[in-house]
Amino acid sequence: MSLSLIAKSISASPTLALNEKAQILRQKGEPVINFSVGEPRSRAPLDSILAAVQILNSGEVRYTPPDGIPDLKKAIIRYTEEFYDRKVEPENIIVSGGAKQAIMVALQAILNPQEEVIYPAPYWVSYPEMAKLCGGIGVPVPPEDGTFYPRIQDIERKVGSYTKAIIINSPNNPSGAVYSEEFIADIVDYCERRDLYLIMDDIYHRLIFDGRKPINPWKYAKKRDENSKMIIINGVSKQYAMTGFRIGWAVANKKLIEAMTNIQSHQSGGPSVVLQRAAVGALNGIQSSVENLRATLENNRNVMVDLLRSMEGAKVFVPDGTFYCFVDFSAYEKSSHKLSQLLVDKVMVLTVPGVEFGMEGFIRLSFAGSMKEIQEGVERIKWAIDPNAPNELYIGDRKLVRDWL
């Protein structure tokens, strides 16, 4: 079969593939624990469900504008003013099928073949593939100081004549690191001085811990008119536990939004009116679900970190936000793919290999599940790889004997 060069270069999303594998195992009745999934387990807000039901009951489920319905844009305008202290107009907004599509359409609108987009490592698995889909090149910036917190000088060393954009994801997937306010100020200033697009992937910005507050990149912008090249990405998937609704958005200058809208109009058209109405319900409704989710995740984080620290060979970084622990297990196994495969084969725990995020030897573990899953899952991991753990383990009524250490 003859495929395009782009098609040959793109691999499947490892996180989505693992989530599908977990569902298949569960359908077979296997007691799988899914630490790979990137979604909260809480229910979507009632206001979002009622809004979706209302439009379904009306029977008026029609095409929508390619850049989003007016009511959702109004809600996003209020959201942008509240969290970014920025007054925007409807023409500054595009609603997409998730934050992922918003980023993809933005890159399609700004990248030419062979131009580069830079992002700190570890990075979300889709950034390199998105650049490839545009004919561009993704350039990761690994931390030279051994932390998960990038420095402006690290970024500067990677910027060249082909650099077109920088993506900043804070809180970061997979590390959970919240980048410092000083770094955000520096990167905003640097991109303005170098005339680079700055894509702020803020999808986790309200899911942060230890009393931290969301950092507003717009606060440090000097270009506050339609010449600004800052693109702010957000959506309802994470903070409202609405991953399956697939509604995200981008806020940027009007000319860029117009170009993104033209692309999206041919690519997918406007997102479903039912799902957009649900997003309106979430944004305009009672907001207590966000804080409830954030508090639950912070407690889950504390439990998972304490359990992981009982493993002498595990190097545990305490995440500042999101719902992921990114743990260095290289003392047990250098290859994150081998380790991840061992965990699913031996103890039915699904994890994501760190190499997919640009960091070998690490494993990403989600703590978005139940407390029971967290406790049992870490116990299984410890049993599978830690020589100090007991030699036998029960999963349900199944007795396992470790014979590979």
Side-chain angles (χ1 to χ4, degrees), residues 1 3 7-44 97-101 104 124-126 128-130 133 173-174 203 237-238 241-247 272 275 297 300 304 307-308 322-327 329 332-333 335-357 362-385 393-404:
M1 180 182 293
L3 297 174
K8 291 177 182 177
S9 71
I10 300 297
S11 57
S13 166
T15 51
L16 295 181
L18 285 164
N19 196 37
E20 182 181 5
K21 185 172 184 176
Q23 292 173 356
I24 292 171
L25 288 170
R26 284 203 180 101
Q27 288 173 357
K28 292 180 178 179
E30 299 288 355
V32 63
I33 292 177
N34 188 4
F35 281 165
S36 71
V37 65
E39 61 182 354
R41 302 291 179 85
S42 54
R43 293 180 179 272
K100 179 182 283 189
Q101 187 183 25
M104 186 69 239
W124 183 41
V125 295
S126 289
E129 307 305 293
M130 287 176 163
L133 285 168
N173 175 9
I203 193 67
S237 292
K238 309 300 184 180
M242 293 172 64
T243 52
F245 288 74
R246 308 310 306 139
I247 295 295
S272 162
L275 306 182
L297 291 172
N300 287 3
M304 178 173 274
L307 292 171
L308 288 167
T322 72
F323 31 78
Y324 310 112
C325 274
F326 199 51
V327 185
F329 285 110
Y332 298 108
E333 171 57 63
S335 169
S336 56
H337 268 294
K338 286 183 180 180
L339 178 55
S340 188
Q341 191 63 51
L342 180 141
L343 293 176
V344 71
D345 288 344
K346 300 298 185 181
V347 291
M348 285 177 286
V349 175
L350 272 75
T351 61
V352 188
V355 70
E356 302 289 355
F357 305 97
F362 286 76
I363 291 287
R364 193 192 76 173
L365 309 172
S366 170
F367 50 84
S370 68
M371 190 63 67
K372 180 182 177 183
E373 287 176 319
I374 292 170
Q375 293 170 336
E376 185 175 344
V378 175
E379 180 186 5
R380 292 189 196 180
I381 291 173
K382 183 174 182 179
W383 179 81
I385 66 175
L393 176 75
Y394 281 89
I395 296 181
D397 57 0
R398 190 184 309 177
K399 179 181 177 181
L400 302 180
V401 178
R402 187 178 57 199
D403 57 4
W404 54 88

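Worth saying up front: this structure is predicted, and the values here are computed from it rather than measured.
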Residues Gly369 and Asn300: closest non-hydrogen pair is O-ND2, 3.1 Å
Here the gap from Leu365 atom CG to Leu343 atom CG, rounded to the nearest 0.5 Å, amounts to 8.5 Å
In terms of heavy-atom contacts, Leu339 and Phe329 come closest through CD2-CB, 3.4 Å
Note: Asn173 and Arg364 closest approach over all heavy atoms is OD1-NH1, 2.8 Å
Closest non-hydrogen atoms of Thr322 and Leu297, given as atom of the first, atom of the second and distance, are O-CD1, 4.2 Å
Shortest non-hydrogen pair, Pro40 vs Lys238, comes out as CG-O, 3.5 Å
Distance-only criterion, 3.5 Å: show the donor-acceptor pairs between side-chain atoms of residues 344-353 and protein atoms not counting sequence neighbours.
residue : atom : partner : partner atom : Å
Asp345  : OD1  : Gln341  : NE2          : 3.0
Asp345  : OD2  : Gln341  : NE2          : 3.3
Thr351  : OG1  : Ser340  : OG           : 3.0

Residue set satisfying ring-ring contact (aromatic ring centres under 6.0 Å, His included) with Phe362, at least two apart, ordered chain then number -> Phe148, Phe326
Residue set satisfying ring-ring contact (aromatic ring centres under 6.0 Å, His included) with Phe323, at least two apart, ordered chain then number -> Tyr204
Those residues at least two apart in sequence (or on a different chain) that pass side chain to side chain contact (heavy atoms under 4.5 Å, CB included) with Ser9 are Lys132
Val125 and Glu356 have their tightest heavy-atom pair at CG1-O, 3.4 Å
Side chain to side chain contact (heavy atoms under 4.5 Å, CB included) filter on Glu379, not counting sequence neighbours, yields Leu393
* Is the shortest heavy-atom distance from the side chain of His337 to the side chain of Val355 under 4.5 Å? -> yes
Contacts of Arg402 meeting side chain to side chain contact (heavy atoms under 4.5 Å, CB included) (sequence neighbours excluded), chain-then-number -> Trp383, Ala389, Asn391, Trp404, Leu405
With sequence neighbours left out, the residues meeting side chain to side chain donor-acceptor pair (under 3.5 Å) with Ser335 are none
Residues passing the side chain to side chain donor-acceptor pair (under 3.5 Å) test with Thr243, sequence neighbours excluded, are Glu39
For Lys399, the side chain to side chain donor-acceptor pair (under 3.5 Å) test, sequence neighbours excluded, returns Glu392
**Message:** Check whether Glu333 reaches the backbone of Lys338 with its side chain - one donor and one acceptor, N or O, closer than 3.5 Å.
**Reply:** no
**Asked** Would a 4.5 Å heavy-atom cut-off, applied to side chains only, mark Ser272 and Arg246 as touching?
**Response** no
query = Got Met304 and Gln375 here, is their nearest side-chain heavy-atom distance under 4.5 Å?
reply = no
Output for pair (Glu129 CD, Ile10 CD1), nearest 0.5 Å, gives 4.5 Å
Across all chains, not counting sequence neighbours, the side chain to side chain contact (heavy atoms under 4.5 Å, CB included) partners of Ala44 are Ser48, Ile49, Met242, Phe245
By side chain to side chain donor-acceptor pair (under 3.5 Å), Arg43 pairs with (sequence neighbours left out) none
Residues passing the salt bridge (charged side-chain N to carboxylate O under 4.0 Å, His left out) test with Glu376, sequence neighbours excluded, are Arg380
> For Ile381 and Phe35, what are the C-alpha separation, side-chain angles and deciding distance, and is it a side chain to side chain contact (heavy atoms under 4.5 Å, CB included)?
Replying inline: CA-CA 11 Å; Ile381 291 173; Phe35 281 165; 4.0 Å; yes
